[in-house]
Structures are given as structure tokens and as C-alpha cells.
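Worth knowing before you read on, the calculation uses all heavy atoms, side chains too, and leaves out hydrogens, waters and symmetry mates. Bear in mind that the values here come from a model prediction, so they are computed numbers and not experimental data. One-based numbering, in listed order, for ligands and for the atoms of each.
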Amino acid sequence: MGYSFLSLVREALRGQTGWRPAWRDAAPKPAYDAIVVGGGGHGLATGYYLAKEHGLTNIAVLEKSYIGGGNTGRNTTIIRSNYLLPGNERMYEKSMQLWEGLEQDLNYNAMVSQRGVLNLYHSDAQRDVYARRGNAMRLHGVDAALLNETGVRKLYPWLDFDNARFPIRGGLLQRRGGTARHDAVAWGFAHGADRLGVDIVQNCEVTGFRISGGAVQGVETTRGYIAAPKIGLAVAGSTSRVAALAGLRLPIESHVLQAFVSEGVKPLVDGVLTFGAGHFYVSQSDKGGLVFGGDIDGYNSYAQRGSMPVVEDVMESGMAIMPAIGRLRVLRQWGGLVDMSMDGSPIIDRTPIDGLYLNAGWCYGGFKATPGSGWCFAHTMARDEPHFINSALRLDRFATGAVLDERGAGPTPNLH
Ligand SMILES: Cc1cc2nc3c(=O)[nH]c(=O)nc-3n(C[C@H](O)[C@H](O)[C@H](O)COP(=O)(O)OP(=O)(O)OC[C@H]3O[C@@H](n4cnc5c(N)ncnc54)[C@H](O)[C@@H]3O)c2cc1C
């Protein structure tokens, strides 16, 4: 069903009795033209763009639990496209452009809010690094503004500019960056895909693959065998486990990343702020809670819960730039499973098995990529080759050495 001003008026007059579910609860068919494994934002976006851009409608998105229950519903909702390397920049900027028209496109309110993302810098050397990144962005047609201390003071006068260890000297601002409501993004893509005929099958875990002659034939699931000549994996933190079912070993590790929400307060943080001398990012939700996070826990895990030392570390980083946060109580905390690649950049590509495609390696930052990732993955699956936009996000870059290491940190997930 579609949402419009007229439908709101009609339902108001009918006592809200005519609303139908935003997507069908589909039962799996024995065969599809294409299957996407994983009903997070990326999987649902892939289903949507396969139908919308490539005319494939006999397709299913299979989710082992409920849609959006993975990282999509667990992240800190930041969207931005402030990347340095061209191989990343063009995909994240494609994503940003899709965010800008997404709600109209999907006919769904995903609460996209371009409130600005400001990365703080604390030294001259860090300013130069940010200037380089901002210049690279502008050369690619992406907005970036380098602010000095006065510029940051105008936006956030309450920050601790004179912290003895990490004085704030300025920041790199992307005004088009911001936030989107994470679970509404999953629901919006489900709504849009369902309207185009895509089956969204929940409680359907993929437990194996049938592969013959080097080509994938279908998937074994907890709801029976389903045949398909094209199968895309978009299972984020479960990537290594699901790929292993097809005999693939990937350059990906699963790590826990935690998020925190404080009690609600009056408007304070009206954009997104990140600390440059540690790992801390914060925004404020529409309900008033400060939403923030920091580093991964640093050990491999498939458990969606975190450990105390990282809680302390995140709070310390927060206190370094905004001591006011120390007066707030944390209301909720949770963990998600991030798929850390060895260079910190994602993979959207074919695999050595014909008909099996891979979307993974999103590290800390796959939420912002949701529309762009789905768009590129749909193209790669439909045409059997990457689009120019995701042409650098190849799986074989780890064999050839053409890695995309934004931070120059090497193959060390906890540094990406
Ligand atoms: C705490 C936290 C904060 C984050 N903050 C940000 C942020 O601010 N900005 C940003 O850009 N990114 C952020 N991220 C990263 C971002 O959330 C992820 O990179 C992105 O959501 C991953 O893609 P996805 O949405 O498809 O994954 P998910 O939502 O995890 O979807 C994968 C789905 O696959 C399903 N699945 C797994 N195995 C199977 C199987 N065998 N069969 C069927 N289904 C299966 C899972 O149940 C899951 O629903 C954050 C992540 C976390 C954990």
C-alpha cells in the first residue's frame, strides 16, 4: 500500500482501519531467478534495485530471523561520504545521492536528516591530513569544508576546546552528511521491494549451498531447498560462517561493535560529531537521547554483546571533547557483529563460484552505504560484472595487493 497525504486523510476518516502491512510475509517458492541471503539493509536494498533497475521480479530476500535485526537495527545511524580514496569515494557518494531521494523513491519515511558530520582535529598534522581528504572529496565533486577553531566554536560552543591533551583546533565538515533512522531504512526497502514483487522471507536461515560444476544451483534452508542460478550474500557479521558453507575462505573477521544511548535531554548536538584523537562519534536522536559509540571490542566474536573495557574507553573519549556527557545516564547499550575486512574497505564482487556474489567487509561503516551498496550489488548480480562505481571493491585485491587502505593502517581490523 502507498503512503500519501490523501491516504492519511482517508484513514483518519475511516478510523485507521484500512492500513495493510508495509510488506507481505512471503512463503518461499521452490525456485527463483535470484536470491539474496540476508534481510539487513544491504540485502533488502539489493532486492529492491534488482527489481527496480534490472526488471528481475522473481526474486527473494531470505532472512534467518526478522528483517533489520542485525547491524541495520543496531548501528549509530551516521551517513556520510567523506572518503579519501577514489575506489571508496565514488561508491559512498553514489550512496549519499541515493539517500537524498530515497524517501520519495521508496514512498517511506526513513527520517533522513542531513544535519552535517564534523570530524574534529586536534593538531596541525591532523589538520593537514583532513585538508588532504577534503581536497580529494572536492576534486570528486563532494562537499567538504575545513573549519578552524572559530568555525567549530560557532557550531558547538560547549565543546572542551582547551583539553590539555586533545585541544580542539578545527574540523572537517561535510554538510550533506547526517543521520537516518536505521530500522526504518530496512522497513522502507522492504516496502519498496515488496511493491515490486520481491518475496521477503523471514525466519528462513540458509544452512548450505548446492554447487555443481563450479556453479551455484540453490540454497538449503530451514524452510527447504530453494533453487536459483544467482545467489548474493549480504550477511554482514555472519559472512565468514555463511561463505564457509560454500567452501569459501574470505579476508574477513567478525568483531563486536557496541553502541550507547543516553537518557533524553534538550537539543544539544544538532549534527554528528567525531573525536579525532580517539574513536568516538555522537549525534542526538529525535527523542533527545545522545547516540554514541567508539572502537570495536578488538577480539573475534559472533556474540552480539560487548565487554566493559570498551565501555570505559568510549566514555573516556566522550569526556575528552564534551565533559557535559559525564552528567548523563546511559539508558541502553548493545553490540552488533561487524564484518571487518583486512584493508577496512568493502567487497562487492563475484566469487570464484559462478552465480555466487559477495557483499561484505563493511567494517564500521556499512549503514551509510546501504542504498549505494544495494544498487552496486544488484548491478553486479544482474550483469555478472561490477559497475564502474564498485569496480575497485574487488575480492581479488587482497591477492593482487591493490588494497584500499583509507587509513594506511595495514591488515589490522582494530585499526580500521
Ligand atoms: C554498534 C554499531 C554501530 C554502527 N554505526 C554505524 C554508523 O553510524 N554508520 C554506518 O555507516 N555504519 C555503522 N555500522 C555498520 C553498519 O551497521 C553495517 O555495516 C551494515 O548495517 C551492514 O550491512 P547489513 O545492513 O546488510 O547487515 P545486517 O543488518 O547485519 O544484515 C545481515 C543479515 O543477514 C542475516 N543472516 C545472517 N546469516 C544468515 C543466514 N545463514 N541465512 C539468512 N540470513 C542470515 C542476519 O540475521 C542479518 O539480518 C555500525 C554497526 C554497529 C554494530
Inset, instruction - Mind telling me whether Tyr357 and Phe377 have parallel, tilted or perpendicular rings, with 30° and 60° as the class edges? - result: perpendicular
Inset, instruction - Please say whether Glu63 places an N or O atom under 3.5 Å from an N or O atom belonging to ligand 1. - result: yes
Legend entry - Which residue and heavy atom of the protein sit nearest atom 50 (C) of ligand 1, plus the separation: Asn75 CB, 3.2 Å
Legend entry - Closest protein heavy atom (residue, atom, distance) for atom 13 (C) of ligand 1: Tyr364 O, 2.9 Å
Ligand 1-proximal atoms of [X], by part, heavy-atom distance under 4.0 Å:
X: Thr77; result: backbone
X: Val242; result: side chain
X: His182; result: neither
X: Cys204; result: backbone
X: Ser238; result: side chain

With [atom] as the reference point, say which of [options] has the nearest heavy atom.
atom: atom 39 (C) of ligand 1; options: Gln202, Arg74, Lys64; value: Lys64
atom: atom 41 (N) of ligand 1; options: Asn71, Val206, Thr46, Thr239; value: Val206
atom: atom 53 (C) of ligand 1; options: Gly69, Gly68, Gly336; value: Gly336
atom: atom 27 (O) of ligand 1; options: Cys363, Ser95, Gly40, Ala236; value: Ala236

Inset, instruction - Sequence neighbours left out, what pairs pass salt bridge (Lys or Arg N to Asp or Glu O under 4.0 Å) with at least one residue falling in residues 40-59? - result: Lys52-Asp105
Inset, instruction - Check side-chain contact (heavy atoms from CB on, under 4.5 Å) between Tyr66 and all other residues, then give those that pass, not counting sequence neighbours. - result: Gln202
Inset, instruction - Kindly check if the number of other-residue, nucleotide or ligand heavy atoms within 6.0 Å of CZ (Arg175) is above 12? - result: no
